[in-house]
Amino acid sequence: MLAPLPKRSDNFSAWYNELVVRSGLAENASVRGCMIIKPYGYAIWEKIQAVFDAAFKKTGHVNAYFPLFIPKSYFSKEASHVEGFAKECAVVTHYRLKTAEDGVSIVVDPTAKLTEELIVRPTSEAIIWSTYKDWIQSYRDLPMLVNQWSNVVRWEMRTRLFLRSTEFLWQEGHTAHATQSEAELEALQMLHLYEDVARDYLALPLIKGLKSQNERFAGAETTYTIEALMQDGKALQAGTSHYLGQRFAKAFDVMFTNRSGLREHVWGTSWGITTRLIGALVMMHADDDGLILPPKIAPIQVVMIPIYKTAIERMAIVEQLTSCQTELVAKGISVKIDDRDTYKPGYKFADYEQKGVPIRVALGPNDLQHQTIELVRRDTKAKKTIPIQNLSEQVEDWLEAIQANIYQRALTLQQQQTLVVDDYATFKELIANQGGFLLAHWDGTTATELKIKEETKATIRCIPLDGVEEEGKCIYTGNPSNRRVIFAQAY
RNA sequence: CGGGGCGUAGCGUAGCUCGGUUAUCGCGUCUGCUUUGGGAGCAGAAGGUCGCAGGUUCGAAUCCUGCCGCCCCGACCA
């Protein structure tokens, strides 16, 4: 008998850590700060990749792959970019090992020192823009709409599975445009695309907004973000889109000849989502019994569990389930039959609940006799026994209902935890005791933002795009402000 | 890098203060039987360089020295 998970209300972070491991998403690697994404977790990532990749293709983007290593000299061309990442870069200094004098251990060969050190990419702007210099000559080469799916390394101090690890997987889009407005529109288009896909497939309600200057990506003119609010009241940045202006074009000398024959620097964007989204799925939807996956990205949408006493019963029941499976698969539904004889049904029920499979189907001797079948919804735990012939109709109906319900549930929670605050005492109290998105006036200065962060650990998550103009006074300084921003403690 | 803690079987641990037969217990694993509609029961078995190196001692998981690794708190961050 396995011990139950820690409860969210007792210890949210212990609940998260244990759930991620026990549901088979990932585990800590023996390499400090790195994670092993296990098959079930990776299957979710593949689904996420598939839906985003399709959306990128639809908007005209194409995939490519750039090197993991970036020569130090490339990296240092854009000053603020360097400053932003310098503290967390892994550096390759040598290219050979040799056997040590003891004849057993392996040491770095000091004679094999690289003449130019290589940075393991924390992001690829440097290598990509140095390439764009060669690819872009004329307005006919624009826009350049390239994406890559890759891994990056950022030497973090404190790590957590999916939320912050030394190495993580992501997608980074890098585009170049002939005009400023086209680049600005591209950054916004991708932000909207992120929100649409996250909402429609991952069932994540998100707030779109602008990052403050302080929270902006190093090297960007403007950083947009999609911010999610987790069940414990802390915010999670779920994706970003940057308008880069001509900063990288100037740093890497990327120019094109326009229709009038004049040479100009191009305008750029970059945008990304990461394996952190899997962490968001967990912290947004899961409950004390385990994961709850949105049907549209669940690797297994329906799990079927046979219940039997004898080998003869087992054969008949599995046969019936296999025919049900065939019927569902024909409708594009992913179905797993777990007919392992080494685990009992009760164990399997608990296990697939923990894994967040949207619908569980059970078939036993009684069902078989009456030609009925039992279904259980993961999100509501609702149980229903229906005639077998109605199975696919019921499953399709429920998959849709579950997708809608968990989005609605997450949205309601976000709305309940989004509060308008006008005085600093209340602000501090709310942040300390319940978290949430706090809509407050801010005087627009980095100094104020930093003071608030220091005193409350809350940061400006974003300046919401759909916010309204509204005269008010900064919650900290009392200075005039014309719109509310979102404060929260963040992951 | 500053402050605190911990290294004993795949995982979690007792023992260490006060040295003494074969290193404790639980989970997991394996075998057999009974079970199977909500995380099975019983019986048996396998599994250990007690983080590493040195020292003290008749004798070290336990005491001493050095080293290594990891975890927690702080600065950084998708």
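Below, each value reflects all heavy atoms present in this structure, side chains not excepted, and no hydrogens, waters or symmetry copies. Chain letters run A, B, ... following the sequence lines, proteins first and then strands; every chain starts at 1.
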With rounding to whole Å, what would you report as the distance between [N] and [M] at their [atom1] atoms?
N: A23(B); M: G59(B); atom1: C1'; answer: 16 Å
N: C50(B); M: G3(B); atom1: C1'; answer: 29 Å
N: A53(B); M: U13(B); atom1: C1'; answer: 26 Å
N: U56(B); M: G19(B); atom1: C1'; answer: 11 Å
N: C33(B); M: C71(B); atom1: C1'; answer: 44 Å
N: U49(B); M: C11(B); atom1: P; answer: 12 Å
N: U29(B); M: G47(B); atom1: C1'; answer: 9 Å

Integer-rounded Å distance: [N] [atom2] and [X] [atom1]:
X: N11(A); N: C72(B); atom1: CG; atom2: C1'; value: 13 Å
X: R160(A); N: C76(B); atom1: CZ; atom2: P; value: 18 Å
X: H81(A); N: A78(B); atom1: NE2; atom2: C1'; value: 13 Å
X: K87(A); N: C76(B); atom1: NZ; atom2: P; value: 7 Å
X: I273(A); N: A78(B); atom1: CD1; atom2: C1'; value: 11 Å
X: K344(A); N: G41(B); atom1: NZ; atom2: P; value: 8 Å
X: E88(A); N: A78(B); atom1: CD; atom2: C1'; value: 10 Å
X: I305(A); N: G38(B); atom1: CD1; atom2: P; value: 11 Å

[X] side chain: which of [options] is closest?
X: F349(A); options: G38(B), U36(B), G39(B); result: G38(B)
X: P365(A); options: G37(B), C73(B), C76(B); result: G37(B)
X: A362(A); options: A78(B), G37(B), G39(B); result: G37(B)
X: D351(A); options: A78(B), G37(B), G39(B); result: G39(B)
X: I307(A); options: A78(B), G38(B), U36(B); result: U36(B)

NA contact type, [X], heavy-atom cut-off 4.0 Å: base, sugar-phosphate, or nothing?
X: K381(A); answer: nothing
X: L236(A); answer: nothing
X: E156(A); answer: base
X: R360(A); answer: base
X: S165(A); answer: base
X: F168(A); answer: base

Now, which nucleotide makes the Watson-Crick or G-U wobble pair with [N], with each of the two distances under 3.5 Å?
N: C58(B); result: G20(B)
N: A43(B); result: U31(B)
N: G2(B); result: C73(B)
N: U13(B); result: none
N: C67(B); result: G51(B)

[X] [atom1] to [Y] [atom2] distance, which is reported to the nearest 0.5 Å:
X: F427(A); Y: F487(A); atom1: CZ; atom2: CZ; value: 5.0 Å
X: L5(A); Y: R22(A); atom1: CG; atom2: CZ; value: 4.5 Å
X: E353(A); Y: L291(A); atom1: CD; atom2: CG; value: 11.5 Å

Determine the interplanar angle of the [X] and [Y] rings, folded into 0 to 90°, and report it as parallel if under 30°, tilted if 30 to 60°, perpendicular if over 60°.
X: F52(A); Y: F56(A); answer: tilted
X: Y132(A); Y: W129(A); answer: perpendicular
X: W267(A); Y: Y243(A); answer: parallel

- Query: Using a cut-off of less than 4.0 Å, is there contact between a side-chain N or O of R158(A) and OP1 or OP2 of C73(B)?
  - Reply: yes
- Nearest-nucleotide comparison on RNA chain B, the residue closer to the 5′ end among F85(A) and K457(A): K457(A)
- Item | 5' precedence on RNA chain B between Y343(A) and K453(A) (nearest-nucleotide basis) |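 On the 5' side of the pair lies Y343(A).
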- Could R377(A) and D379(A) be called an ion pair, given the rule that one side-chain N must be under 4.0 Å from one carboxylate O? yes
